[in-house]
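Counting from 1, the numbers follow the sequence of the chain as shown. Heavy-atom basis, side chains included; hydrogens, waters and symmetry copies ignored.
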Amino acid sequence: MAKMNFGGVEENVATREEFPLEKALNTLADETIAIIGYGVQGPGQALNLRENGFNVIIGQRKGSKTWDKAVRDGWVPGETLFEIEEAAERGTIIQYLLSDAAQIAIWPKLKPYLTKGKALYFSHGFAITYKERTGIIPPADVDVILVAPKGSGTSLRRLFLEGRGLNSSYAIFQDATGTAYDRVIALGIGIGSGYLFETTFQQEVYSDLTGERGTLMGAIQGIFAAQYDELRKRGHSPSEAFNETVEELTQSLMPLVAENGMDWMYANCSTTAQRGALDWWTKFRDAVAPVFKELYDSVASGNEAQRSIDSNSQADYRAKLEEELRQLRESEMWQAGRVVRSLRPEASAVKVDA
């Protein structure tokens, strides 16, 4: 474990240099990794682990769409693809990658297979942090660990195929074997993490729920909608409003921020843009700070978790979800977005004369 300085604060991190893939493979040489769930995180983590040389099997309900997807991805029924209970019995490390709602539903069937010395792995701190609400209380004689990639399973897979990595957090809730640290870091390296930073199950879920509802998804959609609507009210066309609100941000400016930071991006924009951004960013910060306080308080109190549990357990949840997504999809802003994306030139069509 290495110490890294982040803006004057030291944190524990694990890197590929400190814990190379060869060491990870040796650490888990005698382990069978059973990935339960092949939906959002499952495919990316499973395929990356398999291609890195680890012993991986999948547990999924036979006949489901995700079972069929696993078969298409090369998992062989009876060899590397099993029903959930059989995979859990065979596995020494059980990666519990079902949705939070599905974890709650399947837990009574899974728990008997968590025998002494096994490891129970999560990519989200929800089930353990809110264990009084979820009922997911692991046996005392198993390791309980977490690796949470900071992005979707699709992004994890894409970056892996590009030879890059997606940063992840790691946490140890229970170290029954004395080897939980080596196990969790080996798994983090195995799934393709760029580097791993230390957290706790509680801190992971608090930051994750805040981020999803905040700048990662909820707040950014709210800001997009507010600016787009104001531009449209002032007479700007859908194309102009979308380009100034979404397209320029995602296609031009955010890649610069990702590469070199916000200050560098500011420094490489026009002086007019610089002045406006520097004058206005604190106004936006001050305007939304109370909303973020309210959001974090709701997460910390368990209200957000309970709302998710209650909503996701309703029989008509999927139908209601699809209706909400349909409304978003068919809004003028995102209809305009589909047209704008269709007009992006293909990379092969963009030629630069020497």
Side-chain angles (χ1 to χ4, degrees), residues 1-33 35 41-56 92-95 97 119-125 143-201 203-205 207-208 211 216 254-265:
M1 184 186 303
K3 293 280 189 182
M4 294 289 289
N5 191 301
F6 293 85
V9 178
E10 280 198 340
E11 295 185 35
N12 292 326
V13 300
T15 66
R16 298 181 190 184
E17 288 72 28
E18 171 203 350
F19 210 108
L21 180 59
E22 183 181 5
K23 182 177 179 179
L25 287 165
N26 289 336
T27 298
L28 303 181
D30 298 324
E31 304 266 25
T32 297
I33 304 167
I35 294 184
Q41 279 289 336
Q45 295 199 30
L47 292 169
N48 292 359
L49 284 164
R50 184 176 70 181
E51 291 174 23
N52 269 335
F54 295 86
N55 181 24
V56 186
T92 58
I93 296 172
I94 297 174
Q95 293 195 193
L97 299 183
L120 178 61
Y121 165 114
F122 294 89
S123 282
H124 190 23
D143 293 342
V144 182
I145 55 180
L146 172 146
V147 176
K150 296 299 102 182
S152 68
T154 301
S155 298
L156 181 72
R157 180 66 177 157
R158 181 182 296 131
L159 290 172
F160 177 85
L161 293 174
E162 293 174 1
R164 301 160 63 195
L166 191 65
N167 299 332
S168 302
S169 59
Y170 75 91
I172 299 170
F173 179 76
Q174 197 164 273
D175 184 4
T177 66
T179 61
Y181 175 79
D182 283 350
R183 273 173 144 177
V184 74
I185 300 302
L187 289 162
I189 296 299
I191 67 170
S193 300
Y195 78 92
L196 296 114
F197 59 93
E198 187 177 30
T199 188
T200 66
F201 273 67
Q203 291 292 83
E204 191 283 329
V205 76
S207 62
D208 191 64
L216 301 180
M254 281 299 103
L256 299 181
V257 176
E259 290 169 11
N260 297 293
M262 187 68 79
D263 61 316
W264 189 93
M265 188 270 281

Donor-acceptor contact below 3.5 Å, side chain Arg16 vs main chain Ser193: yes

Atom pair CG/CD1 of Leu47 and Ile191 - distance to nearest 0.5 Å: 12.5 Å

Heavy-atom side-chain proximity of Phe54 to Leu21 below 4.5 angstrom: yes

Side-chain touch Gln95/Leu49, heavy atoms, less than 4.5 angstrom: yes

4.5 Å side-chain heavy-atom contact, Phe122 and Glu204: no

ring-ring contact (aromatic ring centres under 6.0 Å, His included) partners of Phe173, counting only residues at least two apart: Phe201

Contacts of Ser123 that satisfy side chain to side chain donor-acceptor pair (under 3.5 Å) - sequence neighbours left out: Gln45

Sub-4.5 Å side-chain heavy-atom contact between Met265 and Asn260: no

Glu198 vs Val13 side-chain heavy atoms within contact, under 4.5 Å: no

Heavy-atom neighbours of Glu22 CD exceed 12 at 6.0 Å: no

Heavy-atom check, side chain of Leu256 versus side chain of Trp264, under 4.5 Å: yes

Qualifying salt bridge (Lys or Arg N to Asp or Glu O under 4.0 Å) pairs with a residue from residues 177-196, counting only residues at least two apart or across chains: Glu31-Arg183, Asp143-Arg183

Tyr195 side, atom OH; Ser169 side, atom OG - distance, nearest 0.5 Å: 10.0 Å

Gap between atom CD1 of Ile189 and atom CG of Asn52 - 0.5 Å precision: 9.5 Å

Residue pair Gly125 / Leu146: nearest heavy atoms and the distance that separates them: N-CD1, 3.5 Å

Heavy-atom side-chain proximity of Pro149 to Gln41 below 4.5 angstrom: yes

Over 12 non-hydrogen atoms of neighbours within 6.0 angstrom of CG in Asp30: no

Residue pair Lys150 / Ala148: nearest heavy atoms and the distance that separates them: CE-O, 3.0 Å

Flag, side chain of Ser168 to backbone of Leu196, donor-acceptor distance under 3.5 Å: no

Shortest non-hydrogen contact from Ala119 toward Ile145: CB-CD1, 4.3 Å

Min side-chain heavy-atom separation Ile185-Thr27 under 4.5 Å: no

